[in-house]
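Have a look at the structure below, then the notes.
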Amino acid sequence: SATIDSDMEFTAEANSDALASVSTIQGNLTISGDFLYNLEALRCVRRIEGDLLIRGTSQLESLRGLRRLEVIEGMLDIGSMNDGEENLDLVSVDGLHRLQSVGGAVNLESNPKLETLRGLSELESVGGNILIWHNPLLAEINAFQGLTETSGGIFIWYNSSLESLDAFYLVSVVQGWVSFWGNQSL
């Protein structure tokens with residue numbers, strides 16, 4: 001297995017052959033691009049020693065290529081309210097089903113087609129806030145079943161289709177606010 005010892009930007013133009021054996025990224029991994037359809041080139045990545053930022057993808061529907069990822073030492077940031085940084089076609093985060101630990105915040109923001117968070121069901125610890133907001137098609141939060149504590153708060157705001165929360169039932173420690181706001185269907 002190989003290591004990349006710096007920040008990395010993964011776009012449609014990325015050299016996927018060079019990434020085939022990379023298991024550790026010692027920096028931030030930014031995934032973006034209008035012509036990015038899958039993340040298969042990242043299939044061996046198990047650890048990111050910085051942040052994982054997924055922003056500004058217009059064709060990416062799932063994160064299945066990240067299926068071996070277990071640890072993010074920084075934050076997990078999927079989407080953004082900034083113009084052009086939404087993930088326009090992202091439907092699920094299923095590829096993150098082995099992710100156990102995030103050292104910083106988990107931010108899922110402004111993903112207009114995101115329907116499920118099922119891929120985050122094995123996450124055990126979060127070192128910052130959990131923010132789930134402005135995901136209009138997210139009908140249920142069916143994730144975080146393994147989470148026992150967060151070093152921040154839990155904020156679930158403005159998910160207009162959210163009808164149920166089958167999540168967070170093992171959480172015994174929240175070191176911040178717990179806030180639900182503007183979820184009209186909940």
Side-chain angles (χ1 to χ4, degrees), residues 1-33 36-57 59-80 85-87 89-109 111 113-132 135 138 141-152 167-168 170-171:
S1 67
T3 298
I4 294 178
D5 62 359
S6 64
D7 291 346
M8 182 184 148
E9 174 110 12
F10 184 77
T11 64
E13 296 81 34
N15 181 351
S16 59
D17 292 337
L19 299 173
S21 65
V22 172
S23 64
T24 302
I25 298 172
Q26 295 177 327
N28 298 331
L29 172 58
T30 302
I31 296 171
S32 64
L36 186 58
Y37 299 96
N38 68 66
L39 303 177
E40 280 304 306
L42 300 171
R43 66 188 169 276
C44 291
V45 175
R46 293 182 184 275
R47 179 179 206 87
I48 298 171
E49 295 179 358
D51 299 335
L52 173 56
L53 309 166
I54 303 171
R55 296 180 174 160
T57 64
Q59 307 291 319
L60 188 64
E61 293 181 9
S62 83
L63 305 180
R64 286 188 196 106
L66 295 171
R67 64 185 164 270
R68 290 194 176 112
L69 184 61
E70 297 172 356
V71 175
I72 300 170
E73 292 185 12
M75 71 184 286
L76 171 61
D77 192 9
I78 301 175
S80 174
E85 292 189 355
E86 304 94 346
N87 296 303
D89 280 350
L90 188 65
V91 175
S92 80
V93 295
D94 283 351
L96 298 175
H97 64 274
R98 287 193 182 168
L99 185 61
Q100 297 171 2
S101 173
V102 175
V106 171
N107 184 19
L108 299 145
E109 178 181 3
N111 299 288
K113 292 186 180 177
L114 186 64
E115 297 173 356
T116 179
L117 301 180
R118 193 173 304 115
L120 295 171
S121 61
E122 296 300 315
L123 193 58
E124 296 172 1
S125 68
V126 174
N129 291 324
I130 297 173
L131 304 134
I132 302 170
N135 300 291
L138 186 63
I141 297 181
N142 48 358
F144 305 103
Q145 286 92 342
L147 188 68
T148 57
E149 67 179 275
T150 177
S151 296
F168 306 112
L170 290 180
V171 175

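Numbers here simply count residues along the sequence, with the first being 1. Only this structure's heavy atoms are used, side chains among them; waters, hydrogens and symmetry mates stay out.
- Here OG of S101 is found 8.0 Å from CD of E124. Values are rounded to the nearest 0.5 Å.
- When the side-chain contact (heavy atoms from CB on, under 4.5 Å) test is applied to T116, the partners found at least two apart in sequence or on another chain are S92, D94, R118, N142.
- Every side-chain contact (heavy atoms from CB on, under 4.5 Å) that N28 has, sequence neighbours left out, goes to D7, D51.
- With a 4.5 Å cut-off on side-chain heavy atoms, L138 and N111 do not count as touching.
- Note that the CZ atom of F10 and the CG atom of L36 stand 5.5 Å from one another [nearest 0.5 Å].
- A heavy-atom distance below 4.5 Å is not found between the side chains of L53 and L29.
- Put simply, the side chain of S62 does not reach to within 4.5 Å of the side chain of L60, judged on heavy atoms.
- With contacts defined as side-chain heavy-atom distances shorter than 4.5 Å, the pair L42/I31 qualifies.
- Residues D5 and Q26 approach most closely at CB-OE1, 3.1 Å, considering heavy atoms.
- Judged as a side-chain hydrogen bond (donor to acceptor under 3.5 Å, both in side chains), and not counting sequence neighbours, the contacts of S23 are S1.
- Annotation: E122, atom CD; neighbour count of heavy atoms from other residues, nucleotides and ligands within 6.0 Å does not exceed 12.
- Checking V106, I141, N135 one by one against L117, the side-chain contact (heavy atoms from CB on, under 4.5 Å) holds for a single residue, I141.
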Below 3.5 Å, can you tabulate the donor-acceptor pairs from side chains in residues 68-79 to any protein atom, sequence neighbours excluded?
unit_1	atom_1	unit_2	atom_2	d
R68	NH1	R43	O	3.1
E73	OE2	R47	NE	3.1
E73	OE2	R47	NH2	2.8
D77	OD1	N107	ND2	2.9
D77	OD2	R55	NE	3.4
D77	OD2	R55	NH2	2.2

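- V171 is not listed as a side-chain neighbour of T148, based on a closest heavy-atom distance of 4.5 Å or more.
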Candidate pair L63 and I54, rule side-chain contact (heavy atoms from CB on, under 4.5 Å), full reasoning: CA-CA 10 Å; L63 305 180; I54 303 171; 3.8 Å; yes
Test side-chain contact (heavy atoms from CB on, under 4.5 Å) applied to E49 and I25, step by step: CA-CA 6 Å; E49 295 179 358; I25 298 172; over 6 Å; no
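- To the nearest 0.5 Å, atom CG of residue L96 and atom CG of residue L123 are 9.0 Å apart.
- Residues meeting the side-chain hydrogen bond (donor to acceptor under 3.5 Å, both in side chains) test with T57, sequence neighbours left out: N87.
- When side chains are defined from C-beta on, S32 counts as touching E9, because their heavy atoms get closer than 4.5 Å.
- With sequence neighbours left out, the salt bridge (Lys or Arg N to Asp or Glu O under 4.0 Å) criterion links R67 to E40.
- Atom CG of L99 sits about 9.5 Å away from atom CG of L66, to the nearest 0.5 Å.
- When side chains are defined from C-beta on, F168 counts as touching L147, because their heavy atoms get closer than 4.5 Å.
- Taken to the nearest 0.5 Å, the CG atom of L120 stands 9.0 Å off from the CD1 atom of I130.
- Contact annotation: the side chain of T24 never approaches that of V45 to less than 4.5 Å [non-hydrogen atoms, C-beta and beyond].
- Of the inter-residue distances, the one linking L114 atom CG with L108 atom CG reads 7.0 Å to the nearest 0.5 angstrom.
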